[in-house]
Amino acid sequence: MRTLIRGAICVLPDSTKQVDVLLEDGRILGVGVPAGAKDDEVVDATGMHLLPGVIDDQVHFREPGLTHKEDLRTGSRACAKGGVTTFLEMPNTKPTTTTVERLHEKLALAAGKCVVNFGFYVGATPDNVEELRKAKRTPGIKIFIGSSTGSLLVDGQEALERIFAETTLPICAHCEDEATVRANSERLGGGQEYADHSKIRDHAAAVIATKRAMDLAHRHKHRFHVLHVSTAEEAELVADHRGLITAEACPHHLLFDRSDYARLGSFVQMNPSVKDEADREALWQALREKRIQVVATDHAPHTLEEKQQPYPQSPSGLPAVENSLALMLNAVHQGRVSLEDVVHWMCEAPARVWDIVGKGRIEEGYDADLVLVDLAKTAVVRNEEQVAKCGWSPWDGVELTGWPVRTWVLGQTVFADGKIDDSVRGQEVAFEHERGGYWA
Ligand code: DOR
């Protein structure tokens, strides 16, 4: 099957220009090639922008074990609608993805049901270094240095030292200091209202844990990715990357702060917590200066019923994969950031951080994972239109300008005209860790 995408303004690795793109057999066959007699399909994309498909390097799709919240099929459908062509999923499922066997089981499960491409982290426990050493088909190791949803936690110094010293896969971590969180929680009687979440999981908790993890990475010369940076201080800290450290910010930490609890309650309860307006602004600035390189969602759905419980029973996390690109394109519309920045943070940088083969760029030979966006389209996020299983969004009622209108996964149209093609299947992502990551 040969497809010509004609007339779109394409965000290419070193320029943005109107150029035709030819796809064949799941790959980009040519950029700027003339139309040929053999084209099976011509897509007129005049007036639209063509971007590499988004790679979301932090999602929780809840399968196996927690599929009342989300599953691999529904999560991947939400990706397709949102212009996300590849997701990397976290190990806090039930059971946890903490052995090679479970990693392979998850990969097999995904192959049969995901409409976009997929990869899975292997989770660290205090005593599974052998499994972490054996794991291959994975972007890397996830450590919860500080507990969140689920039971995964590695807090002891000895266990952390072993993981950084004895493994070679890239490591990423959820950084919130467990002792600080516990002490804050005790002081506040466990918390009485949603806004207490930001007092319990406070600035210090995030900063202490990020410093601790960065120290481990530097001493062991181990590649490390700081997930969901939420404070201005961490945004400064990660500037000292020494060629080893990369960092990520999430739309919710960029767009919400603690003043939003009054309006949104537990819909803005997540880990790490939302912080202050100054932190939000510092995260945008760190992204612009590429001290933080990646934007990902930490898509972490819970049912409405679960979310509507009082604090602290209400679980932490929110769904975002189907709106993340639109949220960032809206920031382009507002003049806060450039389209090229968004493509760097959401497409190219995650591909480089995780050594993903053949993705993240519109370039000859790369996979035909693409998203066509209409920067002029204005639409309102509506709970009832969400395809993620939980059926709600903290952005319900928010008008955004700039939306994905068509998504290709390996050359197949998986989303167009508002519809998802459920017959499309994504593939397991290939990682070549010898490449050495973002700074190589
Ligand atoms: O708020 C969060 N929810 N943060 C995490 O790190 C985990 C996630 C979840 O799995 O629910």
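Owing to the predicted nature of the structure, the values given are computational and were not obtained by experimental measurement.
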| Quick one: salt bridge (Lys or Arg N to Asp or Glu O under 4.0 Å) partners of D341, sequence neighbours excluded? | K290
| field | T86 side, atom OG1; K359 side, atom NZ - distance, nearest 0.5 Å | value | 4.5 Å
| message | Any non-hydrogen side-chain atom of V226 less than 4.5 Å from a side-chain atom of T246? | response | no
| message | For a 4.5 angstrom cut-off between non-hydrogen side-chain atoms, does N323 reach S393? | response | yes
| field | Selection residues 328-376 - residue pairs positive for ring-ring contact (aromatic ring centres under 6.0 Å, His included), sequence neighbours left out | value | Y121-W354, H225-W354, H344-Y438
| query | Heavy atoms, side chains only, cut-off 4.5 Å: are L12 and T16 in contact? | reply | no
| Can D71 and R62 be said to form a side chain to side chain contact (heavy atoms under 4.5 Å, CB included), step by step? | CA-CA 6 Å; D71 61 51; R62 311 304 195 194; over 6 Å; no
| query | Quick one: which of K106, K113, R102, K389 gives a salt bridge (Lys or Arg N to Asp or Glu O under 4.0 Å) with E63? | reply | K113
| said: Classify the ring geometry of F61 against H299: parallel below 30°, tilted from 30° to 60°, perpendicular beyond 60°. | reply: perpendicular
| said: Less than 6.0 angstrom from the centroid, inside 45 degrees of the normal: does K419 satisfy that with respect to the ring of F415? | reply: no
| Do L160 and R212 come close enough that some side-chain heavy atom pair is under 4.5 Å? | yes
| field | CZ/R258: more than 12 non-hydrogen atoms of other groups inside 6.0 Å | value | yes
